[in-house]
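No experiment lies behind these values; they were computed from the predicted model shown. For ligands, and for the atoms within them, numbers begin at 1 and follow the listed sequence. Each residue takes its place number in the sequence, starting with 1.
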Amino acid sequence: MNPPASLHDRGIIARYREYLPVSHNTPVISLNEGSTPLIHSPKLSARVGRGRQVYIKYEGLNPTGSFKDRGMTMAVSKSVEEGARAVICASTGNTSAAAAAYAARAGLDCVVLLPAGKIALGKLAQAFMYGARVVAIEGNFDDALRLVREIGESTPIAIVNSINPHRLEGQKTASFEVIEELGDAPALHVLPVGNAGNISAYWKGYCEFHELKRSRSLPRMLGIQAAGAAPIYHNRVIEAPETVATAIRIGNPASWQLAADAIRVSQGGIDIVTDEEILAAQAWLASNEGIFVEPASAASIAGLLKTVEGRGAFNLGVIPDEANIVCTVTGHGLKDPDIAKSQMGKIVTTPPEKQAILDLIGLT
Ligand code: AN7
């Protein structure tokens, strides 16, 4: 017996089929990704001021814990349609987790090339558990992506990195959701930038819905890079990128030009945040709004706070009073338990006695 359609068809292809390059011949490989919460942040709104309202698009609530699932449902579905037997990607972690999960569901083999020693533990665990073949490269993400391109040229393995255009098609649906939730595009959209696919995809989504008159306005796109991995900000390839936010430890982004165009045409900006600012924003968001994100995702919050403090490359004065601002937080905090652990205070143990506990928490 087939499950009822209403329970089954919940992924982004089902929700936005008419705006995606799929046909009735496309097998839909989905884990009910997308439709993530857009959470109002009273505390960030207060910090931004002038009645402007900040919303957080919490992409960590996708099935594998990051926004990559939106692109991967498309890339894997199209790969199956085109007859692929195996998929391959280079990844700083989240793409590999998503590729491995969707490939498992589709019955495809999955190969992931990862920079050795620079993948957050949760993402590595996912790739193994979903059954991918994990290859650690003695090099960084940029080296891994170059090798994937070479392997893709000489073998029938389908590439599911964002150089596969179906990835960005899937990822653009996040903009559709924001517009549907707010009734229009926000005035400003802030998001972290690594390989630069996501900012390009959001911009594509905003432009398409604007064209279709589903929104009245277009947002300014503000991309945030880690200070040690900021090729777009510095306008040059970074040979040895370094940042605590391993997800965006990328020195030569594949979608560089698309992202630069989005930033320029939208009259947005590109800025950098330090590792200290990233970790501070991560802790602030978790302890003030109850939203735990991985370090790369906290870059968007750190970037907004830097902008609010007037230290940023983007002038917040151009955002009108009472306008909406959206920050995308791209991945779940549990992806990177080692970072959380390094931030943790000492765990104090106590005898299992009421008075000992009251003493400890200062309630005697
Ligand atoms: C949590 O998984 O590139 O600018 O290989 O995992 O579209 O690359 C991840 C990127 C932001 C940057 N936040 O997005 C990969 C990978 C998180 C991420 C980004 C990534 P893009």
Charged N-O contact under 4.0 Å between K57 and E181: no
So the atoms of ligand 1 within less than 4.0 Å of a heavy atom of S91 turn out to be 2 (O), 5 (O), 15 (C)
Min N/O separation T330 to ligand 1 under 3.5 Å: yes
Quick note on ligand 1: atoms under 4.0 Å from a heavy atom of K68 include exactly 2 (O), 3 (O), 8 (O), 9 (C), 10 (C), 15 (C), 16 (C)
Which ligand 1 atoms does I248 reach within 4.0 Å, using its non-hydrogen atoms? 11 (C), 12 (C), 19 (C)
T92: numbered ligand 1 atoms lying under 4.0 Å from its heavy atoms: 2 (O), 3 (O), 5 (O), 9 (C), 15 (C), 16 (C)
Taking NZ, NE, NH1 and NH2 as the nitrogens, is one of them in E277 or K306 under 4.0 Å from a carboxylate oxygen of the other? no
What I want to find out is whether E242 reaches K118 closely enough, with some N-O distance under 4.0 Å, to be called a salt bridge. yes
Per-atom filter on ligand 1: closer than 4.0 angstrom to a heavy atom of G197 are 4 (O), 7 (O), 21 (P)
Output yes when R15 and E180 qualify as a salt bridge under the 4.0 Å nitrogen-oxygen rule, no when they do not. yes
Test of understanding: given a 4.0 Å heavy-atom threshold, classify the contact between K335 and ligand 1 as side chain, backbone, both, or neither. neither
So, regarding G194 and ligand 1 (criterion: nitrogen or oxygen to nitrogen or oxygen, under 3.5 Å), is there a contact or not? yes
Quick one: look up the protein heavy atom nearest atom 14 (O) of ligand 1 and list residue, atom name and how far away it is. F67 CZ, 3.5 Å
Quick check: does E294 get an N/O under 3.5 Å from an N/O on ligand 1? no
Between S96 and ligand 1, does any nitrogen or oxygen pair lie at a separation below 3.5 Å? no
Does S66 reach ligand 1, in the sense of a heavy atom lying below 4.0 Å from it? no
With heavy-atom distances below 4.0 Å as the criterion, list the atoms of ligand 1 near V193. 4 (O)
Could you tell me whether K341 and D338 make a salt bridge, using a distance below 4.0 angstrom between a side-chain N and a carboxylate O? no
With no hydrogens and no angle check, is any side-chain donor or acceptor of R50 less than 3.5 Å from a backbone partner on I319? yes
Check each heavy atom of A247 against ligand 1 and say whether those closer than 4.0 Å belong to the side chain, the backbone, both or neither. both
Between N198 and ligand 1, is there a nitrogen or oxygen pair with a distance under 3.5 Å? yes
Using a strict cut-off of less than 4.0 Å between a Lys/Arg side-chain nitrogen and an Asp/Glu carboxylate oxygen, indicate whether K204 and E169 qualify as a salt bridge. yes
For ligand 1 and N94, I'd like to know whether there is a polar contact (N/O to N/O, distance under 3.5 Å). yes
Numbered atoms of ligand 1 (with element) below 4.0 Å of T95, judged on heavy atoms: 2 (O), 5 (O), 15 (C), 16 (C)
Please confirm whether the ring centroid of Y19 lies under 6.0 Å from the ring centroid of F209. yes
Using modelled atom types and a 3.5 Å cut-off, is there a donor and acceptor pairing between side-chain atoms of D69 and backbone atoms of E33? no
R264 (side chain) donor-acceptor with A260 (main chain) under 3.5 angstrom: no
Which of the atoms in ligand 1, numbered in the order shown and given with their element, are less than 4.0 Å from a heavy-atom of N195? 4 (O), 8 (O), 21 (P)
I want to know if ligand 1 touches I250 in the polar sense, i.e. an N/O pair below 3.5 angstrom. no
Lys/Arg N to Asp/Glu carboxylate O, D109 vs R133, below 4.0 Å: yes
side-chain hydrogen bond (donor to acceptor under 3.5 Å, both in side chains) partner of N94, chosen from E294, Q126, H332: E294
